[in-house]
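The block underneath contains the structure these notes are about, expressed in structure tokens.
Below, each value reflects all heavy atoms present in this structure, side chains not excepted, and no hydrogens, waters or symmetry copies. Naming convention: chains lettered A, B, ... in sequence-line order (proteins, then strands); numbering from 1 in each chain. Just so it is clear, the model here is predicted, and its values are computed rather than measured.
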Amino acid sequence: GQNIDQPTEMTATEGAIVQINCTYQTSGFNGLFWYQQHAGEAPTFLSYNVLDGLEEKGRFSSFLSRSKGYSYLLLKELQMKDSASYLCAVRSLRSNDYKLSFGAGTTVTVRA
Amino acid sequence: KAGVTQTPRYLIKTRGQQVTLSCSPISGHRSVSWYQQTPGQGLQFLFEYFSETQRNKGNFPGRFSGRQFSNSRSEMNVSTLELGDSALYLCASSLASGNRKETQYFGPGTRLLVL
């Protein structure tokens with residue numbers, strides 16, 4: 001099975017940078033996803049990593065180290081609308097199926 | 001293209017009753033997964049359906065069941081409801097093309113309250 005840990009809460013100031021860490025232990029690894037979920041809304045896809053390294057998408061970047069079972073999501077130039085829960089999810093290593101195991105989520109609060 | 005839709009959006013039931021939730025995936029998507037989200041446990045995987053077959057199952061009791069129809073629409077059923085079943089139930093669909101980078105798209109969820 002999967003064990004996925006991420007901090008419960010983080011607070012940052014508008015315009016700043018925040019890094020959300022995610023560690024995982026898994027019996028098989030087939031990719032790591034980050035999702036954003038605003039209160040009362042559905043999770044929306046942010047990024048995907050399957051190889052080691054950094055993936056950049058505008059203000060958001062995600063990093064993966066498979067040997068360390070570690071990923072982080074970097075949010076730059078924070079805006080008030082970035083206040084949300086950020087979910088780390090690991091896809092298990094089984095062919096052709098789609099099972100994602102999620103961490104409990106990190107609630108990010110952006111303050112003016 | 002329309003997104004994933006779920007009905008109903010809100011539901012109130014009492015203990016012992018049963019409930020059926022519905023999910024319509026994005027057109028062309030063949031895989032539908034169900035998740036339960038609670039403040040304490042986060043998002044937990046219930047099951048995944050592909051081509052009308054359950055392909056994967058999470059660690060939930062047999063009271064939780066589902067099915068998928070030939071048009072890829074899916075339903076999940078919870079029998080003998082318990083207070084602890086109060087949660088947001090999310091449905092997610094994907095193409096199931098075999099591309100491991102493929103993402104899931106979530107519906108707005110059904111919020112179930114068991115009294």
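- In this structure, Lys68(A) places its NZ atom where only 12 or fewer heavy-atom neighbours from other residues, nucleotides or ligands lie under 6.0 Å away.
- Note on Phe50(B): it does not cluster hydrophobically with Trp34(B), by side-chain heavy-atom contacts below 4.5 Å among ILVMFWY residues.
- Within a 6.0 Å radius of CD in Glu77(A), no more than 12 heavy atoms belonging to other residues, nucleotides or ligands are found.
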Which donor-acceptor pairs under 3.5 Å do side chains of residues 78-88 of chain B form with protein atoms, sequence neighbours excluded?
from	atom 1	to	atom 2	distance (Å)
Asp85(B)	OD1	Arg63(B)	NH2	3.0
Asp85(B)	OD2	Arg63(B)	NH1	2.8
Asp85(B)	OD2	Arg63(B)	NH2	3.3
Asp85(B)	OD2	Glu82(B)	N	2.8
Ser86(B)	OG	Leu83(B)	O	3.1
Ser86(B)	OG	Val114(B)	N	2.8

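- Side-chain contact between Thr44(A) and Tyr105(B) is absent, with no heavy-atom pair separated by less than 4.5 Å.
- Contact of the Phe33(A) side chain with the Gln104(B) side chain is not registered, since no non-hydrogen atoms from C-beta on lie closer than 4.5 Å.
- Among the residues in residues 103-112 of chain A, those with a non-hydrogen atom closer than 4.5 angstrom to a non-hydrogen atom of chain B are Ala104(A).
- For Phe60(A), there are no ring pair (Phe, Tyr, Trp, His ring centres under 6.0 Å) partners at least two apart in sequence or on another chain.
- Checked against the 6.0 Å centroid criterion, the rings of Phe45(A) and Phe106(B) do not qualify as a close aromatic pair.
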Can you give the donor-acceptor pairs under 3.5 Å from side chains of residues 8-20 of chain A to other protein atoms, not counting sequence neighbours?
from	atom 1	to	atom 2	distance (Å)
Gln19(A)	NE2	Asn21(A)	OD1	2.9
Gln19(A)	NE2	Tyr70(A)	OH	3.2

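- Leu113(B) and Tyr10(B) fall into different hydrophobic clusters, where Ile, Leu, Val, Met, Phe, Trp and Tyr side chains are chained together by heavy-atom contacts under 4.5 Å.
- Less than 6.0 angstrom separates the ring centroid of Phe102(A) from the ring centroid of Tyr35(B).
- Residue Val32(B) is not grouped with residue Leu100(A) when hydrophobic side chains (ILVMFWY) are merged at heavy-atom distances under 4.5 angstrom, including chains of intermediate members.
- A continuous path of Ile, Leu, Val, Met, Phe, Trp and Tyr side chains, each step under 4.5 Å between heavy atoms, connects Leu46(B) with Leu11(B), placing both in one hydrophobic cluster.
- No continuous path of ILVMFWY side-chain contacts below 4.5 Å connects Ile26(B) to Tyr89(B), so the two sit in separate hydrophobic clusters.
- Gly107(B) and Ala42(A) get closest at one heavy-atom pair: O-CB, 2.8 Å.
- A distance of 3.0 Å separates OG1 in Thr103(B) from OH in Tyr35(A), rounded to the nearest 0.5 Å.
- In this structure, the portion of Gln37(B) lying under 4.5 Å from any heavy atom of chain A is its side chain and not its backbone.
- Atom CG of Leu43(B) sits about 8.5 Å away from atom OG of Ser85(A), to the nearest 0.5 Å.
- Heavy atoms of Leu90(B) lying under 4.5 Å from chain A belong exclusively to its side chain.
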